[in-house]
There are 2 protein chains.
Amino acid sequence: MDDVFRALASPSRRRLLDRLHSKNGQTLNELCKGARMTRQAVTKHLALLEAANLVVTTWQGREKLHYLNSVPIHEIYERWIGKYERHRLQALSELKKGLESKQVNITEKRYG
Amino acid sequence: MDDVFRALASPSRRRLLDRLHSKNGQTLNELCKGARMTRQAVTKHLALLEAANLVVTTWQGREKLHYLNSVPIHEIYERWIGKYERHRLQALSELKKGLESKQVNITEKRYG
DNA sequence: ATAATATGCAACTATTTAGTTGCATGTCAA
DNA sequence: TTGACATGCAACTAAATAGTTGCATATTAT
């Protein structure tokens, strides 16, 4: 679990997760494109994500495919959010989305 | 949002969140007891948590009370977990708990 | 008033981390 | 079978971070 938080701590790694979320199963090279760092740096980040079990990989010939695994994220959620709190937060979040789609601005801070 | 991940990155800060989760509204001094660092270090951690809006505070005389705010955690959850994936993960997690209560061991890795 | 309590602010150090460059290995295609 | 491609591994540097010590400020209790 410790690995998960460490892995999520870096913006670069979160961006990688975002990219896998939008398109799963990408190769290292694919993930390098658009990243503002060397391939070697990306490799290191992916290694950390994999160690944290946030990313799962398979080899296909000389290419390594990367997949997002959401289980650890779910475990974070369960750690600090009570069973009954979940419904409330879900409702809140959907309300917020609804309002945003009507161009009404709500700041983060308002939800105490 | 960036602040949230940075704040969650440190085990010391996660322990503080755990303590607030089990007992909300504690003072700085209360939170210092049992922590293996100086009060000043705890203060810094709480400042980061507060900046990330993971902790909310109120003053009461010379005492500062700290409360856990779970909204940012929920936002992490929504970022990488698709709407329909949630039910699956919830079911999985409850299955796991059920099995664990029967003394059956399941490793993290099994959930791809 | 004064002492004790609760907290804040700042300078410093040691460690960790992100990113780099350089070189090695394994696979595919002509 | 040779050249191009996809990836891995290691040493290094610069920046960020966790924790410390020391001192300051504000509130409560005697």
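Chain letters run A, B, ... following the sequence lines, proteins first and then strands; every chain starts at 1.
For the pair B:Leu49 CG and D:dT17 C1', the computed distance is 14 Å after rounding to whole Å. To the nearest angstrom, P of D:dT17 lies 15 Å from CZ of B:Phe5. A:Gln60 has its CD atom 14 Å from the P atom of C:dT27, to the nearest Å. One can place CD of B:Glu50 at 13 Å from C1' of C:dT7, the figure rounded to the nearest angstrom. The nearest whole Å value for the distance from the CH2 atom in B:Trp59 to the P atom in C:dT7 is 6 Å. Protein atom CZ of B:Arg36 is 12 Å distant from nucleotide atom P of D:dG19, rounded to whole Å. In this structure, B:Glu63 places its CD atom 18 Å from P of C:dA4, rounding to the nearest Å. The nearest whole Å value for the distance from the CG atom in B:Leu8 to the C1' atom in D:dT17 is 16 Å.
Nearest-nucleotide mapping onto DNA chain C: of B:Lys44 and B:Glu30, the residue sitting toward the 5' end is B:Glu30.
One can find a donor-acceptor pair under 3.5 Å joining the base of C:dG8 and the side-chain atoms of B:Arg39. Within 3.5 Å, a donor on the side chain of B:Arg62 pairs with an acceptor on the base of C:dT5, or the reverse. Checked by distance alone, B:Gln40 brings a side-chain donor or acceptor within 3.5 Å of a matching partner on the base of D:dG22.
Contact annotation: B:Arg13 side-chain N/O to D:dA18 OP1/OP2 distance is under 4.0 Å. Residue A:Lys64 places at least one side-chain N or O under 4.0 Å from the OP1 or OP2 atom of D:dG8. OP1 or OP2 of D:dT17 has at least one side-chain nitrogen or oxygen of B:Arg6 nearer than 4.0 Å. For the pair B:Asn29 and C:dT5, the criterion of a side-chain N or O lying under 4.0 Å from OP1 or OP2 is not met. For D:dG19, the OP1/OP2 oxygens have a side-chain nitrogen or oxygen of B:His45 closer than 4.0 Å. At least one side-chain nitrogen or oxygen of A:Ser12 sits closer than 4.0 Å to the OP1 or OP2 atom of C:dG19. Residue A:Thr38 places no side-chain N or O under 4.0 Å from the OP1 or OP2 atom of C:dG19.
With respect to B:Glu30, the salt bridge (Lys or Arg N to Asp or Glu O under 4.0 Å) criterion is satisfied by exactly one of B:Arg39, B:Lys64, B:Lys23: B:Lys23.
A donor-acceptor pair under 3.5 Å links the side-chain atoms of B:Asn69 to the main chain of B:Asn53, judged by distance alone. At distances below 3.5 Å, at least one donor-acceptor pair connects side-chain atoms of A:His66 with backbone N or O atoms of A:Gln26.
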Can you check side-chain contact (heavy atoms from CB on, under 4.5 Å) on A:Val55 and A:Leu17, steps first, answer last?
CA-CA 8 Å; A:Val55 163; A:Leu17 288 184; 3.8 Å; yes
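Between A:Leu28 and A:Glu63 there is no side-chain heavy-atom pair separated by less than 4.5 Å.
When heavy atoms are screened at a 4.0 angstrom cut-off, A:Thr43 is found touching the sugar-phosphate backbone but no base atom.
Comparing C:dG19, D:dA18, D:dT7 by their closest approach to the side chain of A:Ala41 singles out C:dG19.
Contact detail for B:Ser70 and A:Trp80: the closest heavy-atom pair is CB-O, 4.2 Å.
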